[in-house]
Amino acid sequence: MNLYYEEKGKGSLLLLIHGFPFDHRMWDDLRELLSETFRVVTPDLRGMGKSPLQESQNVVTMAELADDLAELLDRLGVGKCTFCGLSMGGYVGWEFWQRHSGYLEKLIFCDTNAAADTPEGAAQRYATAQRVESEKSVAFLADGMAGKLLAPRTLTEKPWVVERYRRMVEENSPQGVAAVARGMAQRHDFRSKLREVACPTLVLTGDSDVLSPPADMLALAESLPDGRFVEIPHAGHLTPMENPHAVAEAIRHFMQ
Ligand code: MLT
């Protein structure tokens, strides 16, 4: 799979993986801020942004998304990287760790978790996939999710972030969003494997993230052999868009 990606900077490779239903643009500020020190690569996962689905594919698993990224690293001629995934990007991160740990120097998990969906959560994903396909539009997701994904302060004080958020969601292809939603419903539970994650791992989340609350993310960091935790102020679930400078600072500190 030839993934679309953007890159900037020189140095050790930092792979920034977006969440659902977004694309590489959620990392635009971080790519600028961190490219002074690192080679920053921001792909679009299969089915999202400018990376197409394979023909007639209606489910994309987290494992397939992880394999696509290993293939991208080979294409770039890179043997080692730091993998940073936000939310669904984190689900892909656990699979990447399991399937391709030889590439990993360090791991960063933003606003995510290590669990599988509950049966109710999975049923909701399948319903979402069906609705996106029948409406041939992702617009209802943008409206329904804004209040959960963005901090109240972002919604009232940063209209440009809300606008970028909406554009990214709405520009995604309904087929891609549906396939990836089904893939998330089928994802594995990694909680029993956390003690095996040997590489240094940073866990960060927004102080106002209601989907990945700070207490849960702290517990995740504490379950890892070499985990550390940073809480990002004035941010909900989309930390790199809501408070890019604080996220860049946390990553820079961790990497050095
Ligand atoms: C994301 O931001 O990637 C989503 O919140 C992930 C999810 O729906 O579980």
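Order of listing sets the numbers, starting from 1, for every ligand and every atom in it.
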Consider every N or O of Met88 and every N or O of ligand 1, then say whether any pair is closer than 3.5 Å.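 Yes; at least one N/O pair falls below 3.5 Å.
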Which is closest to atom 5 (O) of ligand 1 in terms of heavy atoms, His18, Arg187, His237, Gln124?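 Looking at heavy atoms only, the winner is His237.
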Do the side chains of Phe229 and Leu220 get nearer than 4.5 Å, heavy atoms only?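 Not in contact.
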Do Leu211 and Ser87 come within less than 4.5 Å of each other through their side chains, counting heavy atoms only?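 With C-beta onward as the side chain, the pair stays apart.
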What residue and atom, counting heavy atoms only, is the protein's closest point to atom 6 (C) of ligand 1, and at what distance?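 The closest one turns out to be Ser87 OG, 3.1 Å.
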So which heavy atom in the protein is nearest atom 9 (O) of ligand 1, and how far is it from that ligand atom?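 Looking at atom 9 (O) of ligand 1, the protein heavy atom closest to it is Tyr91 OH, 2.5 Å.
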According to the interplanar angle, ranging from 0 to 90°, do the rings of Phe109 and Trp94 count as parallel (below 30°), tilted (30 to 60°) or perpendicular (above 60°)?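 The rings of Phe109 and Trp94 lie parallel, inter-plane angle below 30°.
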Relative to the ring of Tyr4, is the ring of His24 parallel (under 30°), tilted (30 to 60°) or perpendicular (over 60°)?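 Ring orientation, 0 to 90° scale: tilted.
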Ionic contact status for Lys50 with Asp23, cut-off 4.0 Å: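 Looking at Asp23 and Lys50, the cut-off is not met.
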Subset of ligand 1 atoms that lie under 4.0 Å from at least one heavy atom of Phe20: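 In order of number, 1 (C), 2 (O), 3 (O), 4 (C).
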Can you name the atoms of ligand 1, numbered from 1 with element, that are less than 4.0 Å from a heavy atom of Gly19?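 Every atom of ligand 1 under 4.0 Å from some heavy atom of Gly19: 3 (O).
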Using a 4.0 Å heavy-atom threshold (strictly under), name the region of Arg125 that reaches ligand 1: side chain, backbone, both or neither.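 Under 4.0 Å from ligand 1, Arg125 contributes side-chain atoms alone.
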Which one of Arg31, His18, Glu6, Arg25 satisfies the side-chain hydrogen bond (donor to acceptor under 3.5 Å, both in side chains) criterion with Thr42?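 Single side-chain hydrogen bond (donor to acceptor under 3.5 Å, both in side chains) partner of Thr42 among Arg31, His18, Glu6, Arg25: Arg31.
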